[in-house]
Number of protein chains: 2
Amino acid sequence: MSKAEGDPAVGGGTGGEPKLSRASVQRFSLYLRHLERWIQEGMNVVSSSQLGDALGINDAQVRKDLAYLGSLGQPGIGYYTRELITALRHRLGVDRTWAAVIVGAGNLARALMRHRGFAEQGFQFVGLFDADPQKIGQIVEGIEVQPPAKMLEIIAAAKAELAIVAVPADTAQQVADALVAAGIKGILNFAPVMLRLPPHISLVAVDLAVQLEQLAFLVHLSKHE
Amino acid sequence: MSKAEGDPAVGGGTGGEPKLSRASVQRFSLYLRHLERWIQEGMNVVSSSQLGDALGINDAQVRKDLAYLGSLGQPGIGYYTRELITALRHRLGVDRTWAAVIVGAGNLARALMRHRGFAEQGFQFVGLFDADPQKIGQIVEGIEVQPPAKMLEIIAAAKAELAIVAVPADTAQQVADALVAAGIKGILNFAPVMLRLPPHISLVAVDLAVQLEQLAFLVHLSKHE
């Protein structure tokens with residue numbers, strides 16, 4: 001399996017550095033999202049409590065998270081927004097562009113390709129694949145749907161490292177195997193199935209039914225407490 | 001903000017019961033997904049190591065998670081699959097049907113409504129809303145797109161408790177406020193914005209760009225370790 005599922009600690013490791021929890025890394029992305037909006041609104045300095053309020057957590061947790069980035073905060077002043085954005089982008093590895101492909105040219109792929117957040121974060125979609133002959137050749141958001149046989153060629157040419165699997169559960173493993181064979185380094189899986197991948201391949205899984213189930217659980221809980 | 005974001009512990013609470021972590025609750029959904037497949041394949045007994053293998057975690061963690069459900073495992077035998085499914089569904093609150101509505105009749109809504117996992121887990125879509133006059137009246141997976149003005153009526157009639165927000169970021173808060181006013185108890189938010197909700201409303205947020213960023217981070221990390 002991957003690092004992403006089940007394993008709560010990622011990163012750190014060498015030199016006795018404390019380990020980053022998956023939750024902290026998730027929060028890095030969320031901090032970044034707010035900071036990017038705030039800098040556009042002219043906020044050049046932010047406090048840990050502003051970030052905490054935005055995420056619904058306390059400011060001690062924010063300071064603890066941000067301490068992983070080095071000594072950035074100024075006591076009595078806060079954090080310089082620009083500096084914090086740079087540090088977060090560097091730590092997350094998104095201070096560069098990432099080429100990504102999508103397999104499965106259905107509604108989810110269309111929704112993902114129209115999602116403006118991806119381009120803003122430096123993600124570039126360079127390939128879209130589908131096995132359905134009716135879909136091959138269609139243009140989706142400026143990208144032509146290609147047959148799976150073209151994967152290796154397109155992934156190598158664009159040096160794509162990330163792939164999004166948006167196919168039904170019964171073909172997802174086969175697609176993942178083909179992506180790994182084509183040189184992909186990480187997979188974002190939306191198919192409701194656990195993918196088995198070699199240990200050097202990273203995986204993030206988003207099972208949409210699980211998300212709705214989590215919500216039902218929270219509502220259920222709030223009614224019985 | 002909600003219980004779901006930032007706050008690592010949910011549930012438990014009364015009577016000195018240990019708190020369930022968000023990660024454990026997520027794993028409950030994933031265990032359930034495997035068990036439901038296995039029971040169809042005729043596996044009437046499962047071990048903690050089979051569940052651990054399926055999720056890529058160790059069996060001690062599985063046993064710890066499942067201990068929250070009561071004394072279910074039999075030493076030397078394992079867990080009775082059927083019994084474990086029943087206990088997980090009960091604990092998650094999905095041993096009933098949940099009526100849900102979707103706001104935003106775009107590609108994401110279409111992908112969600114076609115996702116077979118939802119119906120299997122007892123989620124029933126009873127309303128689909130969009131403010132775009134061109135979409136109102138369209139039939140998507142058997143449900144007619146209604147204007148936002150119909151929210152209160154449809155949500156009340158179907159006793160819908162859950163809502164999925166699949167609109168662009170700039171209208172998401174307004175949609176969420178309308179859903180809360182219409183009596184919704186929990187929101188699954190796909191818009192890349194933090195919703196501010198009253199404390200009694202549950203929230204699960206899925207920011208798709210954050211998921212891809214997490215994946216980029218894992219790949220970045222694996223190249224620098």
Side-chain angles (χ1 to χ4, degrees), chain A residues 1-8 10-11 13-14 23 25-27 29-30 33 54-57 61 92-94 98 100 106-108 110-112 114-115 117-118 121 123 161-162 185-188 192 194 200 202 204 206-222 225, chain B residues 1-8 10-11 13-14 23 25-27 29-30 33 54-57 61 92-94 98 100 106-108 110-112 114-115 117-118 121 123 161-162 185-188 192 194 200 202 204 206-222 225:
Chain A
M1 286 305 296
S2 72
K3 293 182 177 179
E5 284 182 281
D7 187 347
V10 291
T14 53
V25 179
Q26 288 254 10
R27 284 193 297 269
S29 288
L30 298 173
R33 210 66 2 101
L55 267 73
I57 59 175
Q61 181 66 60
L92 285 168
V94 292
W98 289 86
N107 287 299
L108 185 59
R110 282 161 215 265
L112 292 168
R114 278 176 199 165
H115 193 296
F118 290 123
Q121 297 309 313
F123 296 108
E161 294 183 282
L162 310 181
K185 300 281 183 290
I187 291 178
L188 176 57
M194 298 282 169
H200 65 284
S202 302
V204 171
V206 182
D207 184 324
L208 299 171
V210 168
Q211 303 302 320
L212 195 53
E213 206 163 85
Q214 297 294 308
L215 179 64
F217 171 71
L218 292 173
V219 172
H220 170 71
L221 206 67
S222 68
E225 263 181 351
Chain B
M1 286 304 296
S2 72
K3 292 180 177 180
E5 284 182 283
D7 184 349
V10 291
T14 53
V25 178
Q26 288 252 14
R27 285 194 297 271
S29 288
L30 298 173
R33 209 72 354 107
L55 266 73
I57 58 176
Q61 182 65 61
L92 286 168
V94 291
W98 290 86
N107 287 300
L108 184 59
R110 282 162 215 265
L112 293 168
R114 277 176 200 166
H115 193 297
F118 290 124
Q121 296 309 314
F123 296 108
E161 294 183 281
L162 309 181
K185 301 282 184 291
I187 291 177
L188 176 58
M194 297 282 168
H200 66 285
S202 302
V204 170
V206 182
D207 185 323
L208 298 171
V210 169
Q211 303 303 321
L212 195 53
E213 206 163 85
Q214 297 294 308
L215 179 64
F217 171 72
L218 291 174
V219 172
H220 170 71
L221 205 68
S222 70
E225 263 182 352

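Below, chain A is the first sequence line, B the second, and so on; all start at residue 1.
- Residue contact with chain B, scored on non-hydrogen atoms closer than 4.5 Å, involves the side chain of A:L112 exclusively.
- When each of A:A216, A:P192, A:A111 is checked for heavy-atom pairs under 4.5 Å with chain B, A:A216 comes out on top.
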Determine, stepwise, if the pair A:L212 / B:W98 fulfils side chain to side chain contact (heavy atoms under 4.5 Å, CB included). CA-CA 10 Å; A:L212 195 53; B:W98 290 86; over 6 Å; no
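- The CD atom of A:E213 sits 9.0 Å away from atom CG of B:L30, with the distance rounded to the nearest 0.5 Å.
- Taking CG of A:N107 as the start and NE2 of B:H115 as the end, the distance is 12.5 Å to the nearest 0.5 Å.
- Both the backbone and the side chain of A:R110 have a heavy atom closer than 4.5 Å to some heavy atom of chain B.
- For A:Q61, no part lies near chain B; criterion is any non-hydrogen pair under 4.5 Å.
- Only the side chain of A:V94 comes within less than 4.5 Å of a heavy atom of chain B; its backbone N, CA, C and O stay farther away.
- Between chain A and the options B:G93, B:A100, B:S29, heavy-atom pairs under 4.5 Å are most frequent for B:S29.
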Tell me, with the steps shown, if B:L108 and A:R114 meet side chain to side chain contact (heavy atoms under 4.5 Å, CB included). CA-CA 10 Å; B:L108 184 59; A:R114 278 176 199 165; over 6 Å; no
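- Atoms CZ and CG, on A:F123 and B:L208 in that order, are 12.0 Å from each other to the nearest 0.5 Å.
- Of the two parts of A:V219, the backbone and the side chain both hold a non-hydrogen atom closer than 4.5 Å to a non-hydrogen atom of chain B.
- Contact of B:V210 with chain A is made through backbone and side chain together, with heavy-atom distances under 4.5 Å.
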In sequence, state the C-alpha distance, the side-chain angles, and the governing distance for B:V25 and A:Q214, and then conclude on side chain to side chain contact (heavy atoms under 4.5 Å, CB included). CA-CA 7 Å; B:V25 178; A:Q214 297 294 308; 3.2 Å; yes
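- Here A:L162 contributes atom CG and B:L215 contributes atom CG; the two are 5.0 Å apart, rounded to the nearest 0.5 Å.
- Atoms CD1 and CG, from A:I187 and B:L218 in turn, are 12.5 Å apart once rounded to the nearest 0.5 Å.
- Looking only at side-chain heavy atoms (C-beta outward), B:L92 and A:H220 stay at 4.5 Å or farther from each other.
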